[in-house]
*Asks:* 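Dumping the structure here so I can ask a few things about it.
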Protein chains: 4
Amino acid sequence: MTDPAQLTGVVPPLVTPLTPEYDVDTASLARLIDHQLTGGVDGVFVLGTSGEGTFLTDEQRQVVLETAVSEVSGQVPVLAGVIDASTARASAHLSAALKAGVDGVVATAPFYAATHPAEIERHFVRLASVAGDTPLYAYDIPGRVGTKLGASLMISLGQRGVIAGVKDSSGQDASLRQLVLDRRDVGLTGFAIMTGSEVTVDSALAFGVDGVVPGLGNVDPAGYVRLFDAVAAGDLSAARAEQDRLFRLFEIIDVADRSRMGASSAALGAFKAGLYLLGVIACPVTAFPSIPLSEDEIAAVRPLLERAGLH
Amino acid sequence: MTDPAQLTGVVPPLVTPLTPEYDVDTASLARLIDHQLTGGVDGVFVLGTSGEGTFLTDEQRQVVLETAVSEVSGQVPVLAGVIDASTARASAHLSAALKAGVDGVVATAPFYAATHPAEIERHFVRLASVAGDTPLYAYDIPGRVGTKLGASLMISLGQRGVIAGVKDSSGQDASLRQLVLDRRDVGLTGFAIMTGSEVTVDSALAFGVDGVVPGLGNVDPAGYVRLFDAVAAGDLSAARAEQDRLFRLFEIIDVADRSRMGASSAALGAFKAGLYLLGVIACPVTAFPSIPLSEDEIAAVRPLLERAGLH
Amino acid sequence: MTDPAQLTGVVPPLVTPLTPEYDVDTASLARLIDHQLTGGVDGVFVLGTSGEGTFLTDEQRQVVLETAVSEVSGQVPVLAGVIDASTARASAHLSAALKAGVDGVVATAPFYAATHPAEIERHFVRLASVAGDTPLYAYDIPGRVGTKLGASLMISLGQRGVIAGVKDSSGQDASLRQLVLDRRDVGLTGFAIMTGSEVTVDSALAFGVDGVVPGLGNVDPAGYVRLFDAVAAGDLSAARAEQDRLFRLFEIIDVADRSRMGASSAALGAFKAGLYLLGVIACPVTAFPSIPLSEDEIAAVRPLLERAGLH
Amino acid sequence: MTDPAQLTGVVPPLVTPLTPEYDVDTASLARLIDHQLTGGVDGVFVLGTSGEGTFLTDEQRQVVLETAVSEVSGQVPVLAGVIDASTARASAHLSAALKAGVDGVVATAPFYAATHPAEIERHFVRLASVAGDTPLYAYDIPGRVGTKLGASLMISLGQRGVIAGVKDSSGQDASLRQLVLDRRDVGLTGFAIMTGSEVTVDSALAFGVDGVVPGLGNVDPAGYVRLFDAVAAGDLSAARAEQDRLFRLFEIIDVADRSRMGASSAALGAFKAGLYLLGVIACPVTAFPSIPLSEDEIAAVRPLLERAGLH
């Protein structure tokens with residue numbers, strides 16, 4: 001079912017619904033997955049940045065993995081984030097994810113300690129040896145990790161079969177484009193390039209990216225699927241209109257008062273507030289120690305949903 | 001034995017000696033601890049940044065904790081780093097450290113996710129509730145974590161008994177000094193302020209810092225003890241001479257070729273090379289995926305040791 | 001001729017050809033302008049970042065302005081950079097540019113001193129009062145200036161007639177897109193949005209940007225004109241092919257040895273080397289104190305020109 | 001009178017008093033200089049960062065230079081900032097300063113364009129050739145310029161007679177200390193090392209720095225002179241008490257509402273407010289486009305002056 005060479009389309013990085021006591025809310029997670037499958041997504045990605053994977057205990061991670069694999073039940077690939085500061089710790093997450101039966105794993109460069117490209121290379125090579133036949137994707141998110149994954153290293157790792165692709169959350173379209181061009185020019189196949197940007201998807205698809213991993217896709221998976229399908233059908237005008245609508249919907253991340261919470265809390269809190277208002281999840285709280293959105297802030301998300309046609 | 005109010009002096013952040021296979025080398029760790037106690041240190045700090053705590057598995061961390069507690073055997077306090085991206089994960093490390101019998105725990109702000117001071121506050125309050133009577137120290141290392149711990153938050157947490165002090169590795173003497181002044185002006189007692197800088201210790205002690213947590217103290221603990229004692233005895237000229245000698249010894253971190261490894265690898269590799277050349281540890285390798293120093297680079301450490309009078 | 005509402009298309013930021021003695025080489029500048037006009041550009045922009053405007057004396061700036069206005073001779077608009085650290089100093093450049101007869105002026109936010117958006121607003125309002133009827137464009141280049149020009153401030157300044165548009169060299173397509181959407185949603189007309197990126201032009205034009213100010217356009221103006229025309233004609237496939245070719249040509253900026261010169265010197269040196277090899281300018285030297293490309297580095301530009309079909 | 005080898009002590013970077021119409025207020029500048037000389041300073045530094053040199057027109061700079069040279073009248077050295085983005089533009093300022101009769105000139109690395117150490121070296125060598133016998137000081141202010149001046153380059157330029165010293169406003173005591181050690185170890189004489197930090201002066205003097213260039217010295221020159229004299233007399237306890245008092249006085253820079261103005265405006269506005277309240281200058285306005293402090297903010301400076309014993 002999940003030939004990694006074929007990873008394309010819309011693969012939202014699922015939030016992890018929590019109870020007010022900060023336990024994983026498996027019923028809400030099941031509803032979220034149903035919301036995604038109904039929306040027509042091509043895969044789901046759990047325990048990524050949107051999934052607050054680095055906030056959860058090993059036990060909570062296990063619950064998320066098992067719930068996702070079970071609820072998705074083979075209908076689409078399930079990717080799992082194995083994001084941690086070092087190779088050894090990411091490896092442990094990777095082994096757990098394999099045991100849970102995921103279809104692919106996603107790792108960042110090491111963080112906290114300052115690393116060099118040669119060390120990042122060793123990191124991915126080691127993780128790939130643990131992953132075996134399960135595809136490993138590199139997750140480029142310099143804003144969190146402090147290191148940009150260079151195109152030449154990514155392509156080289158792809159040519160050697162170490163990684164099956166890249167999720168680019170760098171926000172740098174020039175480097176994303178270089179990846180696409182380099183892939184073409186070296187004739188690399190079976191190597192997926194996905195953008196993590198919510199707001200430049202039509203452009204990225206137009207210049208050759210394979211798909212999108214949009215946090216906002218938690219709230220509106222069907223919108224991203226329509227956007228992807230419009231590009232695939234060559235209707236760039238429809239794609240742009242859909243992208244513009246989603247651009248405006250993305251403004252829910254600006255609802256929260258940034259003088260009292262961090263950027264992560266504001267964005268993830270907004271996604272969860274949207275899902276809460278849509279009746280998908282039971283509680284909009286983000287992982288401890290994140291400050292939750294206030295009732296007023298949650299209420300302010302509603303008109304933005306409605307403006308985007310979501311009810 | 002370990003009234004947290006009394007944390008002062010020289011408390012080196014111990015490296016974690018590894019075998020060529022990347023296992024914890026407990027015999028070398030025991031010798032390192034003996035090297036420290038012989039040097040006259042006032043405490044040891046394991047699983048910090050120098051201890052490559054974020055590189056190690058939970059099992060390896062456990063080995064380090066047990067070895068350290070057992071070898072130190074109550075002669076000085078043992079502090080343990082519980083550094084991880086989120087409260088939940090740091091809490092798990094904290095519980096393990098308590099079980100192992102450490103005398104204090106040291107935590108950074110959360111990282112990977114962008115955090116707000118109000119979230120950092122929740123983080124430390126929660127960790128303190130887990131730590132109970134064991135003192136919790138805040139570790140300010142913005143270069144790794146991306147967030148500076150503000151003086152007013154630190155003092156407020158101190159006044160409420162949440163933290164027993166701060167280890168400052170910010171490299172910003174102005175903010176360190178503000179912490180010292182604010183502590184005095186609010187009359188806060190039982191709150192330790194330690195600098196993590198290797199090279200400005202005489203100055204920091206002179207303006208009121210209580211002690212130092214120097215990575216270079218792995219190699220030359222006796223030097224830092226002499227430096228501390230000189231300041232305590234009011235002999236600032238001797239202190240400055242000792243600091244100058246240690247400043248030059250610190251240049252071992254520039255031996256490695258930075259075009260092929262990261263800054264962490266170069267610095268920790270140099271500390272380990274020094275300990276290896278002094279016969280304290282059996283193997284100078286740093287944690288995977290760090291690139292190790294070459295034989296030539298290791299050899300280049302020797303003349304710098306000798307220049308500093310270490311044999 | 002120069003209705004600011006009509007600024008669209010390809011407006012290369014011209015390099016300033018220099019003699020080996022660092023004087024402005026007016027003959028080469030005249031040939032460069034001819035190269036541009038022959039290439040079909042819609043305007044030229046002198047004394048920008050590519051024009052090394054901040055490197056030149058007032059006298060040299062005057063020579064560039066007069067040469068450009070005279071050589072262009074009204075065939076296309078001439079824009080002039082008035083980039084300096086403060087309002088007063090940029091105003092002086094602005095007055096000089098007006099006297100020389102330019103058709104538009106381009107200013108960044110203040111730099112060196114840290115500024116606030118309210119101060120940036122005062123800066124542009126004051127500059128606009130000096131500019132009078134000559135259109136003023138805001139130049140967003142946070143990598144040089146240290147401040148990002150926010151979309152809401154830009155739109156507000158546009159609505160009040162302070163600025164006639166924005167040149168975006170932020171490299172952040174998400175914010176560029178926000179500018180385009182906000183312009184549409186508030187119904188702002190006569191407000192040009194130009195991208196300064198060499199490598200994402202087809203995308204930017206497709207989502208509604210009006211034109212491009214490409215440094216690489218010095219070397220290959222006709223290529224950018226073809227790219228623009230292809231998008232205008234709705235032939236996105238041809239546009240993408242042209243963009244891909246120019247993406248590869250842009251790799252000339254990587255020819256120089258970055259261990260011995262700065263990024264500016266490497267990029268501008270490459271543009272000048274290309275023009276030198278094409279016979280357009282007489283000497284490829286960049287402004288003092290920039291390190292010039294070596295003969296070998298200049299020679300290494302040639303195969304990249306040929307690969308791109310330039311002879 | 002002004003052997004550059006002898007630059008030591010307290011050399012405040014004078015603010016430039018302005019009228020409400022943003023003209024240079026020469027009467028206030030004269031009173032400020034008298035305030036400094038009465039305070040016992042060892043020199044004055046005009047047109048630096050505190051002097052808003054980059055905000056002023058060439059004509060205004062000229063007025064400041066002439067007023068300062070005339071009012072100081074040879075009692076202490078007058079240094080002048082020649083801070084601009086490039087060598088050519090700084091050279092023009094330098095020539096003007098020489099003509100006005102200053103005793104030394106102070107230049108930063110180039111800015112706006114990204115530069116390499118080899119280019120910075122060329123910059124200072126060229127400026128020194130313009131300066132001739134007048135000593136040239138390097139001004140290390142990476143927060144504004146984007147580049148740190150490395151110790152090895154500074155020492156090398158000192159050994160070759162290019163620069164007569166360094167003003168360090170990097171806030172990095174470790175690198176400042178390296179400069180002091182390297183100067184000693186290579187036996188370099190006639191090379192002044194001055195700190196630009198207001199709040200770590202006793203420490204810096206204790207480890208071998210020659211003097212201080214404190215913005216806060218505008219307000220309280222006598223305090224910095226007492227601090228310097230205490231260190232010179234070996235009374236570190238008195239020095240620390242004076243430094244602590246000045247540390248608290250420095251909190252005037254936090255009086256302004258940072259949500260409506262930049263950091264520069266808040267700090268310089270506070271210095272000027274202090275001088276205004278002390279009757280030294282007639283108007284506390286900062287250079288356009290800086291937002292001025294409000295009346296309430298100016299009033300809030302008064303109790304901090306009084307707490308510090310200034311009336």
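Numbered from 1 within each chain, the chains take letters A, B, ... in sequence-line order.
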*Asks:* Taking the side chain as everything from C-beta on, heavy atoms only, tell me whether B/R89 gets closer than 4.5 Å to A/R89.
*Replies:* yes
*Asks:* How long is the straight-line distance from CZ of B/R260 back to NE2 of A/H116, given to the nearest 0.5 Å?
*Replies:*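 It comes to 9.0 Å.
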*Asks:* Name the member of A/T115, A/T87, A/L56, A/I120 that forms the most heavy-atom pairs with chain B at distances under 4.5 Å.
*Replies:* A/T87
*Asks:* Does B/T54 reach the side chain of A/D84, with side-chain heavy atoms less than 4.5 Å apart?
*Replies:* no
*Asks:* Is B/A113 close to chain A through its backbone or its side chain, or both, or neither, when contacts mean heavy atoms under 4.5 Å?
*Replies:*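 Answer is both: backbone and side chain atoms of B/A113 are under 4.5 Å from chain A.
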*Asks:* Flag the pair A/D58 / B/D58 as yes when at least one side-chain heavy-atom distance between them is below 4.5 Å, and no otherwise.
*Replies:* yes
*Asks:* Would you kindly say whether A/Y112 and B/T49 are connected by a side-chain donor-acceptor distance under 3.5 Å?
*Replies:* yes
*Asks:* Against chain B, label A/I141 side chain, backbone, both or neither, depending on which of its atoms sit under 4.5 Å from a heavy atom there.
*Replies:* side chain
*Asks:* Let me see the working for B/I291 and A/R122 under side-chain contact (heavy atoms from CB on, under 4.5 Å), right down to the final yes or no.
*Replies:* CA-CA 9 Å; B/I291 302 281; A/R122 281 156 62 98; 3.5 Å; yes
*Asks:* Check whether NZ of the Lys or CZ of the Arg B/R126 lies under 6.0 Å from the centre of the six-membered ring of A/F288 and within 45 degrees of that ring's axis.
*Replies:* yes
*Asks:* Output the option from A/S290, A/S265, A/A118 having the highest count of non-hydrogen pairs under 4.5 Å with chain B.
*Replies:* A/S290
*Asks:* Is B/S91 close to chain A through its backbone or its side chain, or both, or neither, when contacts mean heavy atoms under 4.5 Å?
*Replies:*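 It is neither, since no heavy atom gets under 4.5 Å.
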*Asks:* Against chain A, work out which of B/R144, B/R258, B/E121 has the most heavy-atom pairs shorter than 4.5 Å and name it.
*Replies:*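 Top count of heavy-atom pairs under 4.5 Å with chain A: B/R144.
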